[in-house]
There are 2 protein chains.
Amino acid sequence: MELIRRNTDYALRALVLMAKDRTGDVYVVTRLANEARVPEDFLRKTLQRLDKAGIIESKRGPKGGFQLSKDPARISVLDVMEAVQGPLAVNRCFLKDIGCDNFNRCELKEKLIGAQQDMVDLFKSVTIRELAAERG
Amino acid sequence: MELIRRNTDYALRALVLMAKDRTGDVYVVTRLANEARVPEDFLRKTLQRLDKAGIIESKRGPKGGFQLSKDPARISVLDVMEAVQGPLAVNRCFLKDIGCDNFNRCELKEKLIGAQQDMVDLFKSVTIRELAAERG
DNA sequence: TATAAAGAGGACTAAAATTGTCCTATAAGG
DNA sequence: CCTTATAGGACAATTTTAGTCCTCTTTATA
Ligand code: FES
Ligand code: FES
């Protein structure tokens, strides 16, 4: 099983493209999609989520597009994952909007919640800047 | 998104039940399923995978059932996850049987593969014994 | 040896999630 | 006011997950 779904993967690729030349430009989805070889409409919907999460900003109209709204060093892979595919949990029980009627009696959860926190921290520590920095 | 699917969750619960009283008993799926409040047939299929992975052993016939074949301290959550739901990867590209035609040129992979290894190590470090030890 | 109690294994299904596509609306520059 | 771009939602195809069911094999024991 993979942790990163297609849409998150696409989002990461687009963000890296944007982070590479920090000209402050606005990027049109058509171009990002071509360069990342990714379905355009799907990418656009995904970028809209990043916009709502405050990771990028959208501008409509001619000369419009998407633009980073943060320093790439301050955008973590976790931020992107959670913006695109929702909260990251080890077990379904630990998701707020699902929950578990057995939570109080459950004997598995302490250790697993610990592991979940470690995992979250792990992906919080990898940033777009680092991804963009690989091989120049 | 959650890392542990239903079948892995069920498997963990069954393993913890087995680990709790180390009488060396053989456990019938009907009983495990009742105690863990889990669908019996589905649990049986899941336990069959644990058997193939060498984590438990099955015995057919009357007085048959499943039995731990290792010390619970030597069964990690990762072992169970991989036995039940296959290899754990950060990105689809990193799964052997899927792969990626862009792998050589890809600029995202180094950091992400590093994170993947950390994640694997993390779940390798949590054992059934620890899960079973919670609250007596 | 007949019977019954288990798991083995595969076919099948239902439901849910993922991964898209498409159409209309809205915003803004020129 | 025309064109370029995103916004947003409805829709569809595919894949995955989760589960059920049926038949077969193994084995203890009456
Ligand atoms: S928290 Fe739900 S069963 Fe453990
Ligand atoms: S390894 Fe497949 S695109 Fe990065």
Side-chain angles (χ1 to χ4, degrees), chain A residues 1-14 18 25-34 36-53 55-69 81 84-89 91-92 95 97-98, chain B residues 1-14 18 25-34 36-53 55-69 81 84-89 91-92 95 97-98:
Chain A
M1 206 215 40
E2 60 268 10
L3 219 65
I4 289 182
R5 296 204 299 251
R6 304 282 84 218
N7 46 9
T8 304
D9 180 290
Y10 298 165
L12 289 174
R13 296 197 218 176
M18 292 192 244
D25 284 17
V26 168
Y27 296 84
V28 169
V29 174
T30 309
R31 185 182 144 200
L32 293 172
N34 283 337
R37 299 209 237 133
V38 144
E40 175 175 339
D41 281 337
F42 192 40
L43 177 60
R44 183 175 294 107
K45 301 208 68 160
T46 303
L47 294 182
Q48 286 168 16
R49 293 189 178 213
L50 296 186
D51 173 63
K52 285 192 178 165
I55 294 169
I56 61 182
E57 275 170 41
S58 72
K59 276 182 66 178
R60 292 187 181 186
K63 302 280 177 187
F66 291 92
Q67 187 175 20
L68 289 178
S69 61
M81 288 178 65
V84 171
Q85 57 190 33
L88 175 62
N91 198 337
R92 172 177 292 252
L95 287 168
D97 50 352
I98 291 183
Chain B
M1 207 217 38
E2 61 269 8
L3 219 65
I4 289 183
R5 296 204 299 250
R6 304 283 80 222
N7 46 9
T8 304
D9 180 291
Y10 299 164
L12 289 174
R13 296 197 218 176
M18 292 193 245
D25 283 18
V26 169
Y27 296 85
V28 170
V29 174
T30 309
R31 186 182 144 202
L32 292 171
N34 284 337
R37 299 211 236 133
V38 145
E40 176 176 338
D41 280 338
F42 192 40
L43 177 60
R44 183 175 295 106
K45 300 206 68 159
T46 303
L47 294 183
Q48 284 169 17
R49 294 191 177 212
L50 296 185
D51 172 62
K52 284 192 179 164
I55 294 169
I56 61 182
E57 274 169 41
S58 73
K59 277 182 64 177
R60 293 187 180 186
K63 301 280 179 186
F66 291 93
Q67 187 176 20
L68 289 178
S69 61
M81 290 179 63
V84 171
Q85 56 191 35
L88 175 62
N91 198 337
R92 173 177 289 252
L95 288 168
D97 50 351
I98 292 184

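Quick note on labels: first sequence line is chain A, next is B, and so on, each numbered from 1. Small disclaimer: the values here were computed from a predicted structure and weren't measured.
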Does [X] reach the side chain of [Y], with side-chain heavy atoms less than 4.5 Å apart?
| X | Y | value |
| --- | --- | --- |
| A:Asn91 | B:Arg6 | yes |
| A:Leu47 | A:Asp51 | no |
| B:Tyr10 | B:Val38 | yes |

Find the distance [X]:[atom1] to [N]:[atom2] and express it as a whole number of Å.
| X | N | atom1 | atom2 | value |
| --- | --- | --- | --- | --- |
| A:Asp41 | D:dA13 | CG | P | 17 Å |
| A:Arg5 | D:dT15 | CZ | P | 17 Å |
| A:Leu47 | D:dA5 | CG | C1' | 13 Å |
| B:Glu40 | D:dC21 | CD | C1' | 13 Å |
| A:Leu50 | D:dA7 | CG | C1' | 15 Å |
| B:Phe66 | D:dT27 | CZ | C1' | 15 Å |
| A:Glu57 | D:dA7 | CD | P | 11 Å |

Using a 6.0 Å cut-off, check whether atom CZ of A:Arg44 has over 12 heavy atoms from anything other than its own residue.
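Yes, CZ of A:Arg44 has more than 12 neighbouring heavy atoms, counting only those of other groups under 6.0 Å.
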Go nucleotide by nucleotide along DNA chain D from the 5' end; which of A:Gln48 and A:Met1 gets its closest nucleotide reached first?
A:Gln48
The answer to which of A:Lys45 and B:Gly61 contacts DNA chain D further toward the 5' end, by nearest nucleotide, is A:Lys45
When you measure from the side chain of A:Ser69 to the backbone of A:Ile55, do you find a donor-acceptor pair of N or O atoms at a distance under 3.5 Å?
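Yes, the answer is positive, given that a donor and an acceptor are paired below the 3.5 Å cut-off.
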State whether the side chain of B:Gln85 and the backbone N or O of A:Met1 hold a donor-acceptor pair below 3.5 Å, judged by distance alone.
no
Could you say whether A:Arg6 or A:Arg60 is positioned toward the 5' end of DNA chain C, judged by the nucleotide with the nearest heavy atom to each?
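Of the two residues, A:Arg6 wins.
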Identify which nucleotide among D:dT29, D:dG19, D:dT4 has an atom closest to any side-chain atom of B:Lys63, counting heavy atoms from C-beta outward.
D:dT29
Check every strand shown and say whether A:Lys59 touches a base, only sugar-phosphate, or nothing at a heavy-atom separation below 4.0 Å.
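The residue A:Lys59 makes sugar-phosphate contact but no base contact.
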Can you find a side chain N or O atom of A:Arg44 that sits less than 4.0 Å from OP1 or OP2 on D:dT6?
yes
Between which nucleotides of DNA chain C, 5' to 3', does chain A make heavy-atom contacts below 4.0 Å?
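Listing 5' to 3', DNA chain C meets chain A from C:dT18 to C:dG29.
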Residues B:Arg13 and B:Asp9 bridged, charged N to O under 4.0 Å:
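Yes, charged N to carboxylate O under 4.0 Å.
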